[in-house]
Structures are given as structure tokens and as C-alpha cells.
Engineer: 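I am attaching a structure below and will ask some questions about it afterwards.
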Amino acid sequence: MKYTQLGRTGLKVSRLVLGTMNFGPQTDEADSHAIMDAALDAGINFFDTANVYGWGENKGRTEEIIGNWFAKGGERRDKVVLATKVYGNMAADGDGPWPNHDKLSALNIRRAVDASLKRLQTDYIDVYQFHHVDRRTPFEEIWQAIDVLVQQGKILYVGSSNFPGYKIAQANEIAARRGGTIGLVSEQCLYNLAERRAEMEVIPAAQDYGLGVIPWSPLHGGLLGGVIKKEVEGGRRASGRAADALANTTIRAQIQAYEDLLDKHGLEPGEAALAWLLTRPGVTGPIVGPRTAEQLDSALRAVELELSEELLTGLDEIFPGPGPSPEAFAW
């Protein structure tokens, strides 16, 4: 495994991030534990989760699965850089959206951290991430709450997720004015070959403020994982976001060109899509969310792939980025 610094911090993290969103809803606890063991054995030390994972009446279940894995010992917790998230409403579904059980008020942050620590069976969180922007809570309040948690030793670093560029700037400028607060150190955003809008402002803002970029959905809901090839060879039809996209003839032709290009170079589409992200400026590592051990093995191969300039040029031709801001929209 290869490692890099998380943004401007001294924290070293693996170039692949283990996403755990499937743990519980699609992968049972035993298999989830086996995947985490395999990830750790392969050198992946950066694990990402969120308090709402498990979803619906099972919100929090994913954190519980991870906590039970930590409880097995073997230095599991010490070896892992643990990231979780706060924002979503954690009230029981039958209770409805109870008013102070979501978003980023000081009250909810305090409550959510303690609840996550209990589920995760740990006494600290390495990277505590804001899952979404909170348009009602000022950053002065948010940072005050975070400062207390850092002083208590409950969290070490703070990251954002799904933030626009201007919110990254606003958050870190207010942190700097307050003094004593390191501010955001990472941004987790939607970014992949088929969705490159983050290149316009989010990634440049992250780079300017020293945030590591952690792309989620690196295969764009499976669209970049060889869906057409799988249809032809095994009769496995695309589903969800990928199926909706392939219904568009223009997108289908684009994905066919992508798969043909990679076939010419003897590469698997999903592995190449991950490897492409690892070449992008500012990217710490993409989040991979394996449902099975085989999917984890495929993701691990991507770290060792070297993409030729010819291939990178071909990928840019198929999936052209938006270009830098403001040129991308100004002229």
C-alpha cells in the first residue's frame, strides 16, 4: 500500500479509503469484519463511515459493526485512522424529525459525537466530518463546539463532505480568525471520470486551504465499472444510477468508448477509474465500498496501476473536464 499526508496535516493515510456504507444494509457483520481484516492486512489504514449508515430504523448499525470489530483487539483501533460524519437526523423513524437531532448545532454535535463514540467502542475519532453544509448554524458556533471536543480528546481533526468551494473558504477563514483552530483538513466530494465538476472550484479551494480530497462514488454508481461488458458477457444488467444513465443513448455511447479504450490497453474499467483518481492533483485517495472480498482485491490492484500518457489523454477525450474556474463559465 502507498501512503500520503492527509492535506496539510502530519497524519499519514493510505491511498485507498475503506468505505463502510454497505456494512449492515448489504454485507452482514461477519463478512464486514472479514473485509476490514483484509483491508488492514493489505495496508489500508483509513476507514470512513457515518452515524446515519445502516439507514432507516437501522441508523447507526454500521458504526456498531465497526465497534464490534475494534473490540476484537489485535491493535485494530490503533492501526486505523477512523473517520465518521455528523449531520443526518438520528431520531428513531417513528419519532419523526425531532428538531435538535440533526445538522451542526453545538447541541447536536456534542450529542452526535458521544453517540458515535459509544457505537464505535472507542474514546476518540480521528477525523470528524460534517456530512453536509448547515445553512442555519454559523461557523463560529460550529468551531466553538469543535474546540471543546478537541480539548476533551474526543476528536483530533475535522473534515467536510459535499461542501462547495466557497463554504470551504468560509469555514477556514472563520477558523483562522478565531485562532487556535486548525480548521477543515479534508473534503469528501463526488468526483470521478464521469462527474468532474469538482475540478472547477471545490478541488482548487481544497488545495489552496490545504485540505486532502477524498472522492466518493469513484465508479459513479457502477457506471465506470464495466457495466456494458458485464451485460454482454454475463447477462448482468445495470441497476440504479448506472441503469438510468445507460438509458441515455449519448451516455451509453460514451461508456462504450470508455470500455473499448480500456480493453485496448488490457485494463479492467473499475480498476482504471480508481487509478485515474490517484493521478489527480489534490486527491488523497478515493473511497472504495466493497460488498465482497473480491471487490476489495480489485480495488487494491488499482493502487499499483500506472496509466500511460496516451491512455490519460484518451480518457480526457471521452470525459472532458469542465476546465478551471472562472474560465470554465466566463468565456
Side-chain angles (χ1 to χ4, degrees), residues 1-23 27 31-50 62 65-66 69-70 72-84 120 122 124-127 129 156-157 159 161 185-189 191-193 203 206 210-219 224-225 262 267-308 311-312:
M1 180 52 60
K2 297 174 182 177
Y3 299 89
T4 188
Q5 307 298 127
L6 179 61
R8 65 188 185 283
T9 75
L11 193 63
K12 292 181 180 179
V13 294
S14 49
R15 294 299 316 272
L16 287 181
V17 183
L18 182 68
T20 62
M21 188 169 65
N22 290 320
F23 295 175
T27 306
D31 287 343
S32 298
H33 286 192
I35 289 171
M36 286 187 279
D37 281 333
L40 207 58
D41 288 344
I44 295 177
N45 75 333
F46 199 4
F47 288 19
D48 175 76
T49 191
T62 303
I65 289 172
I66 297 170
W69 181 73
F70 285 149
K72 290 182 174 181
E75 298 184 328
R76 285 174 170 83
R77 178 64 188 97
D78 288 341
K79 292 178 179 178
V80 168
V81 174
L82 174 64
T84 192
L120 290 163
T122 185
Y124 71 101
I125 293 161
D126 297 283
V127 186
Q129 302 165 113
L156 302 183
Y157 302 95
S161 181
V185 302
S186 62
E187 160 59 19
Q188 194 176 124
C189 60
Y191 183 39
N192 54 57
L193 269 167
I203 293 175
L211 279 66
V213 175
I214 306 169
W216 61 265
S217 194
L219 303 187
L224 300 171
L262 295 176
L267 297 175
E268 289 297 320
E271 295 171 19
L274 290 173
W276 177 82
L277 280 169
L278 291 171
T279 71
R280 304 309 298 164
V283 169
T284 299
I287 296 174
V288 296
R291 293 188 299 275
T292 65
E294 290 74 22
Q295 290 176 347
L296 176 62
D297 289 340
S298 176
L300 288 166
R301 288 192 291 271
V303 179
E304 304 303 325
L305 278 186
E306 295 289 339
L307 305 184
S308 68
L311 176 56
L312 290 171

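Basis for what follows: all heavy atoms, side chains included, without hydrogens, waters or symmetry-related copies.
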Engineer: Pick from Val80, Leu18, Ile214: which one makes a side-chain contact (heavy atoms from CB on, under 4.5 Å) with Phe46?
Structural biologist: Ile214

Engineer: Roughly how far apart are Met1 CE and Ile44 CD1, rounded to 0.5 Å?
Structural biologist: 4.5 Å

Engineer: Ignoring hydrogens and geometry, is there a side-chain-to-backbone donor-acceptor pair from Ser298 to Gln295 under 3.5 Å?
Structural biologist: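 Not at all, since once roles are kept as given, no pair shorter than 3.5 Å links the two residues.
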
Engineer: Distance-only, no hydrogens or angles: does the Thr20 side chain make a donor-acceptor pair with backbone N or O of Asp48 under 3.5 Å?
Structural biologist: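 The answer is yes, because a donor-acceptor pair under 3.5 Å joins these two groups.
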
Engineer: How far apart are the closest heavy atoms of Ile65 and Ser32, and which atoms are they?
Structural biologist: CG2-CB, 3.7 Å

Engineer: Which pairs pass side chain to side chain donor-acceptor pair (under 3.5 Å) with one or both residues in residues 2-16, sequence neighbours excluded?
Structural biologist: Ser14-Asn45

Engineer: Please step through salt bridge (charged side-chain N to carboxylate O under 4.0 Å, His left out) for the pair Arg291 and Asp31, ending with a clear verdict.
Structural biologist: CA-CA 8 Å; Arg291 293 188 299 275; Asp31 287 343; over 6 Å; no

Engineer: At their closest point, which heavy atom of Leu224 faces which heavy atom of Ala273, and how far apart are they?
Structural biologist: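 That closest heavy-atom pairing would be CB-CB, 4.1 Å.
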
Engineer: Has the side chain of Asn22 got a donor or acceptor atom that lies under 3.5 Å from a matching backbone atom of Thr27?
Structural biologist: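 Absent.
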
Engineer: State whether the side chain of Ser186 and the backbone N or O of Gly212 hold a donor-acceptor pair below 3.5 Å, judged by distance alone.
Structural biologist: no

Engineer: Would you confirm whether Thr284, through its side chain, and Leu6, through its main-chain N or O, come within 3.5 Å as a donor-acceptor pair?
Structural biologist: no

Engineer: Can you give me the closest heavy-atom contact between Gly285 and Val17, atom names plus distance?
Structural biologist: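 Result for this residue pair: O-CG2, 3.6 Å.
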
Engineer: Please determine whether salt bridge (charged side-chain N to carboxylate O under 4.0 Å, His left out) holds for the pair Arg77 and Asp126, giving the CA-CA distance in whole Å, both sets of side-chain angles, and the decisive distance to 0.1 Å.
Structural biologist: CA-CA 11 Å; Arg77 178 64 188 97; Asp126 297 283; 2.9 Å; yes

Engineer: For this output row, return yes or no: ring centroids of Trp69 and Phe47 closer than 6.0 angstrom.
Structural biologist: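 Yes - the distance between ring centres of Trp69 and Phe47 falls below the 6.0 Å cut-off.
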
